[in-house]
Amino acid sequence: MTEAPLIVPSTAGPSGPQDQDDLLAGLNPQQLAAVTYRGPALLIVAGAGSGKTSVLTRRIASLLRSREAWPSQILAITFTNKAAGEMRERVGQLVGEAARGMWISTFHSACVRILRREAEHFGFTKSFTIYDSGDSRALIKRLVKEHEADAYGLTPASVQGRISKLKNELQDSESYARDANMSDPAERVFVEIFADYQRRLRKANAFDFDDLIGQTVYLFRAFPKVADTYRRRFRHILVDEYQDTNHAQYALIHELTRPVSADAPDPYASNGMMIFEPETTPELAGASLTVVGDSDQSIYAFRGADIRNISEFERDFPGAKVVLLEQNYRSTQNILSAANAVIGHNFDRKDKKLWSDRGDGDKIVGFTGYSQHDEAQFVADEVEALHRAGMPYSEMAVFYRTNSQSRALEEIFIRSAVPYKIMGGTKFYERAEIKDALAYLISVANPADEMSVRRILNKPRRGIGDVTETAIARFADDQGISFRDALSMPSQLGVGPKIQAAIGQLDAVLTEATALMLPASGEVPPPTVVADGLSLLLAKSGYLDALRASRDPQDEARVENLDEFVAVARDFARNNPEGTIADFLTEVALVSDADDLDDESGSVSMMTMHTAKGLEFDAVFVTGVEEDLIPHRISAGEPGGPQEERRLFYVGITRARKRLHLSLAMTRAQFGEVSVAMPSRFLQEIPAELVDWRQSPGDVNSRGGTQSRALNARRGGGFGGSGGDRFGVKPLAPRDRITPLSTAMDKFPNKVTGKVRDNGDLELAAGDRIRHDDFGEGRVDAVTGEGAKRIAHVRFDAAGLKKLLIKIAPIEKL
DNA sequence: CTCTGTTTTTTTTTT
DNA sequence: AAAAACAGAG
């Protein structure tokens with residue numbers, strides 16, 4: 001099809017073509033096409049590191065500069081809030097103030113924004129709350145118990161998973177019940193729980209994560225007039241990471257890109273997936289849609305991402321233009337060759353080869369440790385070596401498959417005094433004390449949310465237990481009032497006077513906070529209300545006092561966390577002077593792991609490979625490259641599982657600009673039990689000549705002698721039996737030697753070396769000789785840092801240069 | 001109702 | 001190994 005642009009880009013006029021020159025400068029022909037093409041639908045297939053963010057921002061800037069679109073007509077969807085912020089900033093650099101009116105956000109944030117405006121249409125209020133997966137799990141857990149569903153083999157986790165999956169497919173309990181085998185009692189109970197769950201959410205004036213998308217689609221379909229206002233508004237829709245959209249998100253995009261007809265058609269065609277239907281005479285054509293993605297980087301099938309959304313884009317949008325970006329501007333050729341080789345083993349993909357003109361670069365470094373601690377030590381040493389060679393810590397990253405793997409790395413990093421930060425894991429907002437604080441806020445903002453009120457009922461301990469809780473719930477039911485309102489009449493609950501007083505006290509605090517944060521008399525509260533209200537709640541409820549009075553050392557940290565949370569609220573007030581409590585809660589509910597990545601501090605980033613998507617670093621360490629980890633054991637059974645794992649590994653590899661390290665351990669402790677780990681099958685998919693094995697799986701085998709470690713056992717050429725020479729192993733330079741011979745199998749395996757130890761008072765000075773449990777004897781070169789963070793720089797006789805945190809290192813002065 | 005000690009489960013990835 | 005769930009005493 002010939003691409004006659006619907007709108008000719010940047011014709012004459014005050015904003016002439018020369019305005020575009022800087023936007024188009026330095027682009028290759030494909031990138032140029034991706035920026036300048038105009039038409040109803042455009043698919044940009046963007047391989048890793050092919051400059052897609054730059055293309056996307058320039059495309060937006062180009063639309064704005066040529067006056068083809070007002071900022072308010074642009075909706076750009078990114079994968080994380082962090083990515084959204086970055087894109088806003090980059091567009092801002094290109095077009096200045098015009099960047100303001102655009103919607104650049106995640107699917108979830110955009111939907112919250114729409115729902116807050118339109119919630120009243122279908123029985124919610126604009127102060128609805130958002131349940132994160134922990135909240136919905138708690139609710140489901142209660143329902144499972146009430147329905148005694150465990151008797152049918154339904155666990156909270158499985159129910160939650162199934163409901164989420166169904167919602168991603170835009171199913172509700174009724175539509176599911178129609179096709180389900182209802183003679184199976186387990187199915188019947190499941191449907192009941194699903195329906196109940198939905199009822200409770202509605203009663204609590206709350207949406208879960210999946211509802212944010214699904215209910216927005218429902219809203220658009222049930223209220224075409226509402227949908228039309230958004231269709232008229234957004235004329236250019238751009239979606240990043242399109243390969244990771246699920247069906248609900250796909251449907252949302254379709255709803256938004258429908259043509260708007262002058263006469264709103266009443267019964268909405270329920271088969272309405274075909275959007276360019278000729279029979280209506282549209283008053284306005286559908287919005288132009290640009291999607292960017294790479295099916296090789298689709299790693300979210302487990303949460304409903306449907307790779308067909310991208311692979312069948314051309315069928316869904318007939319006449320769509322497709323642009324392929326294959327030149328990689330990020331990595332060296334060695335890294336790309338490895339990536340290409342790995343991903344080439346996936347069979348059902350369009351062949352696509354990334355290439356680079358940056359030269360071969362360094363070889364990939366491989367290392368096999370005896371244990372996960374040994375592996376971590378390798379990473380720490382290598383990080384230090386790179387840092388000494390001039391690479392900032394912030395340009396290095398360590399990836400792993402599962403969050404639990406971070407522990408061993410963290411231990412060694414602390415001991416080696418390597419600055420690091422962990423992205424994700426137990427997130428700040430999932431800590432119990434923060435969730436408690438949030439529950440207090442929600443109880444004020446959305447009193448209908450019974451879950452939150454119940455949560456704070458006995459936090460801090462007020463002597464209110466199960467019995468009282470049930471009594472309150474029954475009273476509320478009988479009187480037809482909400483759980484929250486029942487708290488205001490403690491004397492009628494039929495509980496003892498002591499407990500009445502406790503309930504009355506809680507009610508008074510909540511009431512006071514409500515008066516402060518949501519003043520009845522339409523006056524505008526100062527920006528700091530959220531922070532002030534939060535402080536008030538925490539202080540007057542006795543929550544902080546209880547923590548301070550406790551002698552559990554963890555509670556000290558909890559107080560600090562709460563202080564930080566209040567600081568977050570103050571920060572929020574500064575950035576959003578008009579932000580309401582609902583805005584604050586939204587922001588908190590939607591922050592993701594990748595979002596709190598800020599590169600201003602110089603520390604090594606540690607994260608899962610999933611979190612790593614969309615990021616890049618000079619040096620990357622992919623750890624735990626073992627069978628049962630990557631590919632993960634659980635994925636082996638799932639259809640398409642191993643393929644998705646391979647894509648995940650591919651994502652990890654392609655994050656690296658200059659140096660890539662692949663490491664594994666030969667034993668790994670899991671569940672508190674040590675087991676033998678085998679090298680990942682993905683390792684043999686990388687051509688041997690690309691990898692410089694410092695210590696190969698074969699080497700380690702010949703020492704450990706458990707069995708044939710199956711790396712490459714079935715490959716004839718290049719790889720072979722257990723002979724280390726076949727791996728091209730180089731002897732380690734003494735300085736880089738990681739594992740002294742004496743610490744081989746017998747000493748290193750799985751020793752939890754980070755046990756409680758306090759050398760706080762140990763005085764060391766340059767010139768002192770010391771002995772270290774693992775590294776042997778050495779001489780102190782220098783001591784830096786203060787107090788608990790004093791660091792000894794030690795030159796070990798056998799193990800080379802190390803940094804040690806004096807307070808906890810297993811050392812003694814000689 | 002709360003505290004303490006014991007048993008069981010957990011680790012796949014996330015907006 | 002650590003967190004969560006559970007059971008029983010006070």
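Each chain gets a letter, A, B and so on, in the order the sequences are listed, and its residues count up from 1. These numbers come from the heavy atoms of this one structure, side chains and all, not from hydrogens, waters or symmetry mates.
Taking side-chain N and O atoms only, A/Asn403 has a distance below 4.0 Å to OP1 or OP2 of B/dT13. For B/dT2, one of the phosphate oxygens OP1 or OP2 lies less than 4.0 angstrom from a side-chain nitrogen or oxygen of A/Asn458. For B/dT13, the OP1/OP2 oxygens have no side-chain nitrogen or oxygen of A/His610 closer than 4.0 Å. Between A/Ser635 and B/dT13, a side-chain N or O to OP1/OP2 separation shorter than 4.0 Å is absent.
Here A/Phe572 pairs with A/Phe584 under the ring-ring contact (aromatic ring centres under 6.0 Å, His included) rule; sequence neighbours left out. The ring-ring contact (aromatic ring centres under 6.0 Å, His included) test applied to A/Phe682 returns A/Phe649, not counting sequence neighbours. Remark: A/Gln198 pairs with A/Lys167, A/Asp211 by the side-chain hydrogen bond (donor to acceptor under 3.5 Å, both in side chains) rule, at least two apart or across chains. Here A/Phe302 pairs with A/Tyr300, A/His610 under the ring-ring contact (aromatic ring centres under 6.0 Å, His included) rule; sequence neighbours left out. By the ring-ring contact (aromatic ring centres under 6.0 Å, His included) test, A/Tyr242 is found to be paired with A/Phe313, residues two or more places apart in sequence or in another chain being considered. Under the rule for a side-chain hydrogen bond (donor to acceptor under 3.5 Å, both in side chains), A/Ser311 has no partner lying at least two apart in sequence or in another chain. Considering only residues two or more places apart in sequence or on other chains, A/Thr586 meets the side-chain hydrogen bond (donor to acceptor under 3.5 Å, both in side chains) condition with A/Arg116.
At a non-hydrogen distance threshold of 4.0 Å, A/Ile464, A/Gly465, A/Asp466, A/Val467, A/Thr468 from residues 464-475 of chain A come into contact with DNA chain B. Of the residues in residues 107-116 of chain A, those with a non-hydrogen atom less than 4.0 angstrom from any atom of DNA chain B are A/His108.
Of the residues near DNA chain B, A/Arg401 and A/Asp210, the one whose nearest nucleotide (by heavy atom distance) lies more toward the 5' end is A/Arg401. With the nearest nucleotide of DNA chain B identified for both A/Arg462 and A/Arg407, A/Arg462 has the one nearer the 5' end.
Looking at heavy-atom distances under 4.0 Å, A/Thr402 makes contact with sugar-phosphate atoms alone, never a base. A/Asp132 comes within contact range of no nucleotide atom at all, as no heavy-atom separation falls under 4.0 Å.
Between A/Glu241 atom CD and B/dT14 atom C1' the separation is 14 Å, expressed in whole Å. Following rounding to the nearest Å, A/Ile130 (CD1) and B/dT14 (P) show an atom-to-atom distance of 19 Å. What separates CZ of A/Arg137 from C1' of B/dT15 is a distance of 15 Å, to the nearest Å.
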Contacts under 3.5 Å, N or O only, protein and nucleotides 3-8 of chain B:
residue, atom, partner, partner atom, Å
B/dC3, OP2, A/Arg461, NE, 3.2
B/dC3, OP2, A/Arg461, NH1, 2.9

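Considering only heavy atoms from C-beta on, A/Gln372 stays 4.5 Å or farther from A/Gln405 through its side chain. Counting heavy atoms from C-beta outward, A/Asp132 and A/Tyr429 have side chains that stay 4.5 Å or more apart. Between A/Ile299 and A/Tyr650, the closest side-chain pair of non-hydrogen atoms is not below 4.5 Å.
Stacking of the aromatic ring of A/Phe302 onto the base of B/dT13 is found: the ring centres lie under 5.5 Å apart and the planes are inclined by under 30°.
A/Asp296 pairs with exactly one of A/Lys613, A/Arg646, A/Arg647, A/Arg349 by the salt bridge (Lys or Arg N to Asp or Glu O under 4.0 Å) rule, that one being A/Arg349. Here the rule is side chain to side chain donor-acceptor pair (under 3.5 Å) with A/Asn309, and of A/Asp244, A/Asn246, A/Thr245 only A/Thr245 fits it.
Taking the six-membered ring for Trp and thresholds of 30 and 60 degrees, A/Tyr420 and A/Phe413 have ring planes more than 60 degrees apart, a perpendicular arrangement.
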Practice item. Indicate for each nucleotide in nucleotides 4-10 of chain C, in 5' to 3' sequence, whether protein heavy atoms under 4.0 Å reach the base (B), only the sugar-phosphate (S), or nothing (-). Key: -S-----

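Across B/dT11, B/dT13, B/dT15, the shortest atom-to-atom separation from the side chain of A/Thr106 is found for B/dT15. For A/Ser404, taking side-chain heavy atoms from C-beta onward, the closest of the listed nucleotides B/dT14, B/dT15, B/dT11 is B/dT11.
With both ends at atom C1', the span from C/dC6 to B/dT11 equals 22 Å, rounded to whole Å.
Between A/Glu146 and A/Arg200 there is a salt bridge, since at least one side-chain N of the basic residue sits less than 4.0 Å from a carboxylate O of the acidic one.
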Exercise for review: Would you check, one step at a time, whether the test salt bridge (charged side-chain N to carboxylate O under 4.0 Å, His left out) holds for A/Glu241 with A/Lys52?
Suggested key: CA-CA 10 Å; A/Glu241 308 283 10; A/Lys52 67 166 187 179; 3.2 Å; yes

Review point. Between A/Ser675 and A/Gln670, is a side-chain hydrogen bond (donor to acceptor under 3.5 Å, both in side chains) present by the stated rule, with each step listed?
Key: CA-CA 7 Å; A/Ser675 51; A/Gln670 245 178 155; 4.7 Å; no

Practice item. Report the C-alpha distance between A/Phe124 and A/Glu118 in whole Å, list the side-chain angles of each, state the deciding distance to 0.1 Å, and finish with yes or no for side-chain contact (heavy atoms from CB on, under 4.5 Å). Key: CA-CA 9 Å; A/Phe124 290 86; A/Glu118 315 292 345; over 6 Å; no

Review point. Which dot-bracket string fits DNA chain B when only Watson-Crick or G-U wobble pairs with both atom distances under 3.5 Å count, crossing pairs get [ ], and | stands for a partner on a different strand?
Key: ||||||||||.....

